[in-house]
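Below: the structure, in structure tokens.
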Amino acid sequence: MAILERVVILSVTAGTGHMRAAHALREAIQQSNPAAEVIVLDTFRYTSPFLEKVILGTYMEMLKITPVVYGYLYRQAERGQPLSGFAKQEFNRILNKLTAPKLVKFLKQTRPQLVVCTHPFPVGILDRLKSQGLFRMPVMATITDFTVHSFWIFPGVDAYVVASEDLKEPFAEFGIPLKRVHATGIPIDPAFARPVDRLSIQQKLNLDPCLPTVLVMGGGLGLGPLAEAVQYLGNGSVPCQLLVVAGRNEQLRQRLLQLAESNCHPTRVFGFIDNIHELMSVSHIMVGKAGGLSCAEALAKGLPIFIVDPLPGQEERNTEYLCRAGAAVQVNRVQDLGREILSCLLDKRRLWDMSAAATRLGKPHAAREAVELMQRILQQDLPAAAREQ
């Protein structure tokens with residue numbers, strides 16, 4: 001098996017999921033070879049801060065202010081839309097013009113054995129560089145949602161990583177050979193695959209082991225009706241205790257702390273944390289958004305997911321996928337959340353079925369399996385004489 005020594009992982013800070021997948025891969029590579037040099041590059045921030053501000057700033061504002069518009073644009077760019085191919089080509093032409101020179105210089109300096117992308121924008125840049133003969137190393141694209149959007153699809157990609165086997169099928173429609181597509185799962189922190197001492201964590205968090213624990217999350221940015229959900233659950237008829245993660249949204253965290261003081265049920269509030277695997281290990285249900293990474297982490301722990309008000313676009317697609325699989329329930333109104341969760345907690349069979357469905361979909365070893373795929377790609381890329389040594 002080839003040894004990973006120098007790997008570049010290209011991502012983009014759009015939300016937090018893409019970068020979390022990149023860091024999970026870096027951790028898994030360095031577990032495989034502690035001496036490996038693994039560089040995680042925030043592509044736009046490095047190559048064009050102006051582009052980062054314009055594109056990502058517009059993206060985040062659209063999600064916060066006019067999510068319906070973003071959802072419309074997302075659907076327009078999906079398969080079957082006549083303008084999607086042209087729009088994609090034009091978009092990638094502009095990206096390459098603004099980012100390629102600095103990225104090419106960086107790749108020549110670092111000389112990676114292969115490049116991994118956890119966001120579609122760098123995939124398009126590398127595909128164009130390959131077509132121009134400016135880059136020849138293997139490229140692996142890691143799709144971080146439970147759907148396959150056309151913006152990820154490029155002929156120059158050597159291997160795709162997807163969340164599950166049934167997500168391979170769309171690639172055939174896009175003309176990508178299925179032998180390039182591997183269902184190793186969305187890469188999550190290897191910590192999710194390690195056993196934990198539940199009792200110790202419960203004691204550390206001051207949790208009552210006799211009460212069901214509901215984990216409420218708003219993603220890394222704390223988007224969505226998080227405060228409303230905490231207020232309804234914290235004062236509802238469901239006997240439970242709440243663990244609430246507000247992410248980097250400090251204003252929201254302060255509001256949640258005020259709510260926690262007046263809630264009838266025990267409520268603990270966190271900001272941005274790095275031990276979410278521990279909170280998930282002691283929870284019975286997760287309530288939150290439908291971000292690909294958060295859902296993949298919950299599935300790895302067998303957690304039933306209650307999705308409140310998913311954002312149009314990939315969150316809607318993730319929600320549809322997980323609900324069809326039986327691992328999630330979509331709640332259209334925060335007011336209905338308590339009733340849905342009470343129904344689930346009272347119906348032990350339903351809770352068990354949802355947990356079993358989540359466990360079937362969960363891939364706690366996804367990052368490690370992605371690393372093994374990288375090693376196989378390198379092995380195949382070596383000259384025959386080198387492989388025979």
- [ ] Decide yes or no on side-chain contact (heavy atoms from CB on, under 4.5 Å) for Phe192 and Ile276, but give the supporting numbers first.
- [x] CA-CA 9 Å; Phe192 282 86; Ile276 192 66; 3.5 Å; yes
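Within 6.0 Å of the CD atom in Gln335, the count of heavy atoms belonging to other residues, nucleotides or ligands exceeds 12.
Residues His18 and Thr144 have side chains that bring a donor and an acceptor to within less than 3.5 angstrom of each other. Using modelled atom types, one finds no donor on one side chain facing an acceptor on the other under 3.5 Å when comparing His23 with Arg20. Using modelled atom types, one finds a donor on one side chain and an acceptor on the other under 3.5 Å when comparing Thr118 with Ser11. Between the side chains of Tyr321 and Ser164, at least one donor N or O lies within less than 3.5 Å of an accepting N or O. Between the side chains of Thr184 and Lys363, not a single donor N or O lies within less than 3.5 Å of an accepting N or O.
We find the OG1-CZ distance between Thr110 and Arg6 to be 8.5 Å, quoted to the nearest 0.5 Å. Rounded to the nearest 0.5 angstrom, Leu103 CG and Phe135 CZ are separated by 8.0 Å.
Residues passing the salt bridge (Lys or Arg N to Asp or Glu O under 4.0 Å) test with Arg350 are Glu340, sequence neighbours excluded. In this structure Ala28 satisfies the side-chain contact (heavy atoms from CB on, under 4.5 Å) test together with Pro190, Ala367, Val371, sequence neighbours excluded.
Ion pairing between Lys130 and Asp127 fails under the 4.0 Å rule for side-chain N and carboxylate O.
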Under 3.5 Å, side-chain donor or acceptor atoms of residues 264-275 against the rest of the protein: list the pairs with distances, not counting sequence neighbours.
residue	atom	partner	partner atom	Å
His265	NE2	Gly236	O	2.9
His265	NE2	Val238	O	2.9
Thr267	OG1	Asn263	ND2	3.1
Thr267	OG1	His265	O	2.9
Arg268	NH1	Leu205	O	3.3
Asn275	ND2	Glu278	OE1	3.1

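Of the possible polar contacts, none joining the Gln375 side chain to the Leu4 backbone as a donor-acceptor pair under 3.5 Å is found.
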